[in-house]
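Working notes, structure below.
Counting starts at 1 for both ligands and their atoms, in listed order.
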Amino acid sequence: MIDTHCHVDLFDDPLGMAKKMERAQMQCIAVTMLPSHYRLGLPHLAAFDNVHAALGLHPLRIAEGERELGDFASLSTACEFIGEIGLDFSREGRSTKSRQVEVLDRILQSVKGRKFVTVHSRDAAPTLLQMLADAGVGSICFHYFTGSQSVATAAIDAGHFFSFNRRMLMGRQSALLETIPRDRVLVESDGPFLTKVPINATKDTYSLIADRWCLSVPETVAIISQNFKACRTSD
Ligand SMILES: [Zn+2]
C-alpha cells in the first residue's frame with residue numbers, strides 16, 4: 001500500500017512514525033512544507049526503503065518559501081518526489097494570492113522529469129490546472145481535491161491523478177470517487193492533520209475504495225500501485 005501524502009515530520013515522533021511505516025511495509029511519500037524542512041529530514045530518511053522524503057514549498061508558508069526558492073530549484077534536481085506545493089485561495093491564503101502564483105510559476109519549472117508531485121489546491125484548482133497546462137507539467141496528483149466536478153473532469157482530461165483520504169470517502173465528497181477513472185485514483189492519509197494513525201487510515205481507505213469498486217483489497221492495491229507508477233511528470 002502507498003500513502004501518497006503524509007506529513008511525517010509534523011508528528012510528535014517523526015522517526016518513530018517512519019519506523020512504524022517501514023515495519024508495516026507501508027510506502028509513504030513524506031511531504032514537507034519548506035525546502036529547509038526537506039533538507040533536515042533527508043539524512044534521517046535516507047536509510048528507509050519505504051518512506052520517501054518529498055521536497056515541498058507550501059502555499060501557506062509563502063513568506064519563508066520565497067526566501068527558499070533557490071534551494072527548491074537546486075534540491076529538486078536530485079529529488080524524485082515533490083510535495084507539498086500548490087495554491088491556497090481560501091480565506092487563509094487569499095491575501096498572498098499573487099505571491100503564491102509567482103512562486104508556483106518558478107517552482108513548476110523544476111518539477112519536470114518523471115517526478116511524483118502532490119499538490120494542494122484549496123479554492124484554487126482552476127488556476128492551478130491552468131498553470132500546470134501553461135508550464136507543460138503533466139500527470140501530477142491533486143491531494144484532498146475539493147474543487148467542482150467540471151474542474152475534476154478537466155484535470156482528468158489533462159492526465160492528472162487524485163489522492164483520496166478516509167474523510168473524503170466518508171463525507172459528502174464521496175461521490176467524487178464514482179467520477180474518477182480507476183486508473184487515476186491514489187490514496188493518502190494526510191496525517192497528522194486528518195489522522196494520528198496514518199497506517200490504519202490508509203488501510204481503511206484502501207478497504208473503502210475496494211468496497212466501492214466491488215474488488216478485493218489485493219486487487220485494489222494492485223491497481224493503485226500501478227497508478228502510482230504512472231503518476232509522473234513529463235520530461
Ligand atoms: Zn498536506
Side-chain angles (χ1 to χ4, degrees), residues 1-14 17-18 21 26-42 45 51-65 68 72 75-76 79-94 96 100 103-104 107-108 111 115-125 127-129 131-132 140-147 155 160-171 173 176 185-202 204-205 224 228 231 233:
M1 291 185 186
I2 303 160
D3 176 354
T4 61
H5 193 110
C6 184
H7 295 263
V8 173
D9 62 345
L10 299 183
F11 281 85
D12 291 339
D13 176 13
M17 181 51 70
M21 287 172 160
M26 176 65 71
Q27 295 273 330
C28 174
I29 305 305
V31 295
T32 54
M33 297 281 200
L34 288 169
S36 52
H37 298 180
Y38 169 80
R39 207 192 280 278
L40 265 175
L42 202 54
L45 293 181
V51 185
H52 311 284
L55 172 65
L57 199 165
H58 198 282
L60 294 178
R61 301 293 292 268
I62 200 71
E64 297 139 293
E68 297 189 22
F72 189 99
L75 289 166
S76 66
C79 184
E80 190 190 339
F81 305 100
I82 305 288
E84 128 176 50
I85 62 170
L87 298 172
D88 190 314
F89 293 171
S90 74
R91 204 159 54 183
E92 228 180 316
R94 206 177 291 158
T96 58
Q100 290 179 38
V103 164
L104 185 65
I107 284 177
L108 289 181
V111 304
K115 295 184 195 299
F116 174 80
V117 181
T118 172
V119 303
H120 176 107
S121 59
R122 186 162 57 164
D123 293 348
T127 306
L128 182 49
L129 194 55
M131 287 181 73
L132 291 166
I140 56 84
C141 178
F142 280 87
H143 127 78
Y144 204 164
F145 181 83
T146 54
H160 300 303
F161 291 68
F162 297 82
S163 54
F164 285 80
N165 56 58
R166 192 166 53 179
R167 187 177 293 178
M168 289 167 77
L169 294 173
M170 309 286 267
Q173 272 169 290
L176 182 69
V185 172
L186 293 167
V187 168
E188 62 171 46
S189 67
D190 201 15
F193 298 108
L194 290 191
T195 177
K196 302 285 181 226
V197 283
I199 298 171
N200 291 348
T202 301
D204 286 354
T205 308
I224 292 176
F228 180 67
C231 183
T233 55

*Please examine the side chains of Leu104 and Leu128, heavy atoms only from C-beta on, and report whether any two atoms are closer than 4.5 Å.*
yes

*Any idea which heavy atoms bring Phe164 and Val185 closest together, and the distance?*
CD1-CG1, 3.9 Å

*Can you find a heavy atom in the side chain of Met21 that is under 4.5 Å from one in the side chain of Pro198?*
yes

*Using a distance threshold of 2.8 Å, what protein N/O/S atoms lie below it relative to the Zn ion (ligand 1)?*
His5 NE2, His7 NE2, Glu84 OE1

*Does the side chain of Met1 come within less than 4.5 Å of Thr205's, by heavy atoms?*
no

*Can any side-chain N or O of Gln100 pair as donor or acceptor with the backbone N or O of Ile62 at less than 3.5 Å?*
no

*Validation row: Leu57, Pro35 side chains within 4.5 angstrom (heavy atoms)*: yes

